[in-house]
There are 2 protein chains.
Amino acid sequence: MTGPSFGSQFELHQLRCFVAAAEELHFGRAAARMNMTQPPLSRQIQLLEHVLGVKLLDRTSRTVKLTPAGRVFLLEARRILRLTESAALATRRIATGEAGTITLGFTAASGYSFLPRLLLQRASAAPNIHVALKEMVSAEQIESLLTGRIDVGLLRPPIARSEFTTLKVASEGLVAALPVGDGRLAQASLSLADFDDAPLVMYAPEGARYFHDMLDGLFKAARVTPRVVQSLSQIHSMLALVRAGIGAAVVPEAAMSLHFDDVHFRPVVTDPPHPVELYAAWRADNDNPALGAFLGLLHPEGGDAAAASDEMPD
Amino acid sequence: MTGPSFGSQFELHQLRCFVAAAEELHFGRAAARMNMTQPPLSRQIQLLEHVLGVKLLDRTSRTVKLTPAGRVFLLEARRILRLTESAALATRRIATGEAGTITLGFTAASGYSFLPRLLLQRASAAPNIHVALKEMVSAEQIESLLTGRIDVGLLRPPIARSEFTTLKVASEGLVAALPVGDGRLAQASLSLADFDDAPLVMYAPEGARYFHDMLDGLFKAARVTPRVVQSLSQIHSMLALVRAGIGAAVVPEAAMSLHFDDVHFRPVVTDPPHPVELYAAWRADNDNPALGAFLGLLHPEGGDAAAASDEMPD
DNA sequence: CACGCCCATCCAAAAACCGCATCGGTCCAT
DNA sequence: ATGGACCGATGCGGTTTTTGGATGGGCGTG
């Protein structure tokens, strides 16, 4: 008693049948193109028409023509089928790592010089890899790497997590940031001793542990004791204080790109000469297929970064 | 030995299953939403993954997560599904005549006044009906109606074809086009006798049969014989000759919208007072669903057109 | 008027799909 | 540490759907 059960939605197979029939205007040839015989093709088109509630093809035993609605639906069907193919293609490209998105965490300081260089000069080697940037301090990056909020972090050591793989991507020297009028500007370069008992805008141990500990260690090893007048965590804030004449600051070379008026820079001789290190870190079990292509961008070749290393000093 | 036979293309049902699973991140709930049980849903998603050659969902026995490729494919799948719905909707709207395209033939003269009024004032009543315009003379329109190149024609009688339905949509009077300096401009209105033995730019019998025969008949009935100095088929060409002072012309009122410098118009009293008739014609068996809505625009209500008529004078 | 072409329909066989029962793995509470 | 709850995958039998061959019927052609 119940008639044939029409699904409430059409299927792509029906669309393909319809497009073939609409283009051939001949059920036999259309069926051949679809690698099937004519009766099932007729049936599929009938099904499609029933689902839509619309006659798409006007067929006599002699001719097949598109109805006005069929003309419109033909365009729509072609668009849908094109979209399915491009969707499959795009998805496969993501899966193979040819294209994709990498979410990258970075510290403010690495954003001054290393990151722009990376994006401008290297990213062209992988034009289909989109890099989504998130600025956060190193500790946040480690947390975000664990939760998967970022794929890769650009951060400062120590990175004491066994589930991470790390790569040293850059190391740089320190420079003194001095206000105009500071006598030490007469020297071409400074030594740590030049900061003994002099006012210094220092890194805060909480928000900038890495720089704080590194400078602290360097001064102690050189038996130098600067007068710490302020402790901040953001380089640009420190330079603002320097500009106000509150004291000097010791910052990574990359900070020179900040260009504060009335603040000048002089290299600071240290041992080792490039104590400021930047590492990339990512979870070894990160399954983002674009990761490989992105890491390829990081590998230094003739750049100013030191040799790669999978071992991390603690 | 041979494994299960995967189709080479995915189906919309698999897309719907995947979207449900990706949104619920839970196969059981997704299956419930799809009105089926969990095992077939698992299979559909496996099938989809095999067809794409891409893992879309990372599933342990405890959690379900999207892979990066799955995230991309989810967006694409949603887009495809949205498109299928809008395609069905648009097609149904075409089929019911709520929307659609009418290809309309029109004569040059009807384009001066009647057609702009129709499109500007009436078309807003059927905003989803698109009117594609094709200018052609009446004979061409009849031919195009038969071959289906146009759905409706705006043309001059006679329309002696049994397969057409016709409707008088406008009738108008005649005006004299006179060059500056013509003595007859002193009169507020002219009679046909004012053209006796005067130079007249006439319609050509080939290209403008309707106007030629009508004027010819009017003059003969009034026993008036103008001096025909030129015969043209395009009104704007005739007015250009009038402007050059070659003679007067008798044209439909609508031609006054042409605004030639140094050409002025005066009404011409005729019997009947509105001898210039414009008809709409269409094939009775035209299956364009938008036809009904378009014809609704044509029906005069308080307009200047005469009453509708299915009978056509010959 | 007979023939050929072409789409629709009928029917049996094949394929696909679904639901049930169940397995194996993980997490959680005890 | 262990038992139970939860969850997705898998095996299997029954049902629905689809397919292809044969056939029917309408229409144009010679």
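Values below: every heavy atom of this structure, side chains too, minus hydrogens, waters and symmetry copies. Chain identifiers are assigned alphabetically (A, B, ...) following the order of the sequence lines, protein sequences preceding nucleic acid strands; residue numbering begins at 1 within each chain.
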Distance in angstrom units between B/Ile45 CD1 and C/dC17 P, rounded: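 Rounding to the nearest Å, CD1 of B/Ile45 and P of C/dC17 are 14 Å apart.
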Take the protein atom CG of B/Asp58 and the nucleotide atom P of C/dG25, then report the distance between them rounded to whole Å.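 Distance, rounded to whole Å: 18 Å.
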One thing to verify: whether A/Glu277 and A/Arg156 come together as a salt bridge, which I'm taking to mean a side-chain N less than 4.0 angstrom from a carboxylate O.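 Salt bridge between A/Arg156 and A/Glu277, a charged N being under 4.0 Å from a carboxylate O: no.
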Any side-chain N or O of B/Gln46 under 4.0 Å from OP1/OP2 of D/dT10?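 Yes, because at least one side-chain N or O of B/Gln46 sits under 4.0 Å from OP1 or OP2 of D/dT10.
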Taking the side chain of A/Thr37 as heavy atoms from C-beta outward, which of D/dT18, D/dG21, C/dG19 is closest to it?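 Nearest listed nucleotide: D/dG21.
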Distance check needed: C/dC6 C1' versus A/Leu41 CG, whole Å only.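 Answer to the nearest Å: 13 Å.
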Here's a test of your reading of the structure: between B/Gly28 and B/Arg43, which maps to the more 5' nucleotide of DNA chain D?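 Here B/Gly28 is the residue nearer the 5' end.
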Please give, in whole Å, the distance from C/dA16 P to B/Gln44 CD?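 Atom CD in B/Gln44 sits about 12 Å away from atom P in C/dA16.
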Quick check for you: among C/dA8, C/dC20, C/dC6, whose closest atom lies nearest to any side-chain atom of A/Arg59?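 Taking heavy atoms from C-beta onward, the closest nucleotide is C/dA8.
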Does A/Thr60 put a side-chain nitrogen or oxygen below 4.0 Å from OP1 or OP2 of D/dG26?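 No, outside the criterion.
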Nucleotide nearest B/Phe27 when distance is taken to its side chain, options C/dC18, C/dC7, D/dG8: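 Output: D/dG8.
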Let me know the distance between CG of A/Leu57 and C1' of C/dC6, rounded to the nearest Å.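 After rounding, the reported distance stands at 14 Å.
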Starting from P on D/dG8, measure out to CG on B/Leu56 and report it in whole angstrom.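 Atom CG in B/Leu56 sits about 16 Å away from atom P in D/dG8.
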Residues B/His130, B/Ile102; criterion side-chain contact (heavy atoms from CB on, under 4.5 Å); working and verdict: CA-CA 6 Å; B/His130 176 243; B/Ile102 288 291; over 6 Å; no
Starting at the 5' end of DNA chain D, which residue's closest nucleotide do you reach first, A/Pro40 or B/Arg29?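 Going by which nucleotide is closer to the 5' end, it is B/Arg29.
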For D/dC7, take OP1 and OP2 only and decide whether either is under 4.0 Å from a side-chain N or O of B/Ser61.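 Checking D/dC7 against B/Ser61, no side-chain N or O comes under 4.0 Å of OP1 or OP2.
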What integer distance in Å separates A/Leu12:CG from D/dT18:C1'?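 After rounding, the gap between these two atoms is 17 Å.
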Taking the side chain of A/Met36 as its heavy atoms from C-beta onward, which of D/dT18, D/dC12, D/dG20 lies nearest to it?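 Selected nucleotide: D/dG20.
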Checking side-chain polar atoms at under 3.5 Å, does A/Ser42 have a donor or acceptor matched by the opposite partner on A/Gln46?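 Note: A/Ser42 and A/Gln46 side chains miss the donor-acceptor criterion.
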Can you find a heavy atom in the side chain of B/Trp282 that is under 4.5 Å from one in the side chain of B/Leu167?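 A side-chain contact under 4.5 Å exists here.
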When the distance from NE2 of A/His26 to P of C/dC6 is rounded to whole Å, what number comes out?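 A/His26 atom NE2 is separated from C/dC6 atom P by 4 Å.
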A/Glu143 bridged to A/Lys134 by N-O distance under 4.0 Å: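 Not counted as a salt bridge, because no side-chain N and carboxylate O are separated by less than 4.0 Å.
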Per A/Pro39 side chain, nearest of listed nucleotides D/dG8, D/dG21, D/dG11: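 Given the options D/dG8, D/dG21, D/dG11, the side chain of A/Pro39 is closest to D/dG21.
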Does B/Arg62 contact D/dC7 through a side-chain donor or acceptor facing the base, at a distance under 3.5 Å?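 Answer no: no donor N or O sits under 3.5 Å from an acceptor.
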Donor/acceptor link under 3.5 angstrom from B/Gln38 side chain onto base of D/dA9: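 Present.
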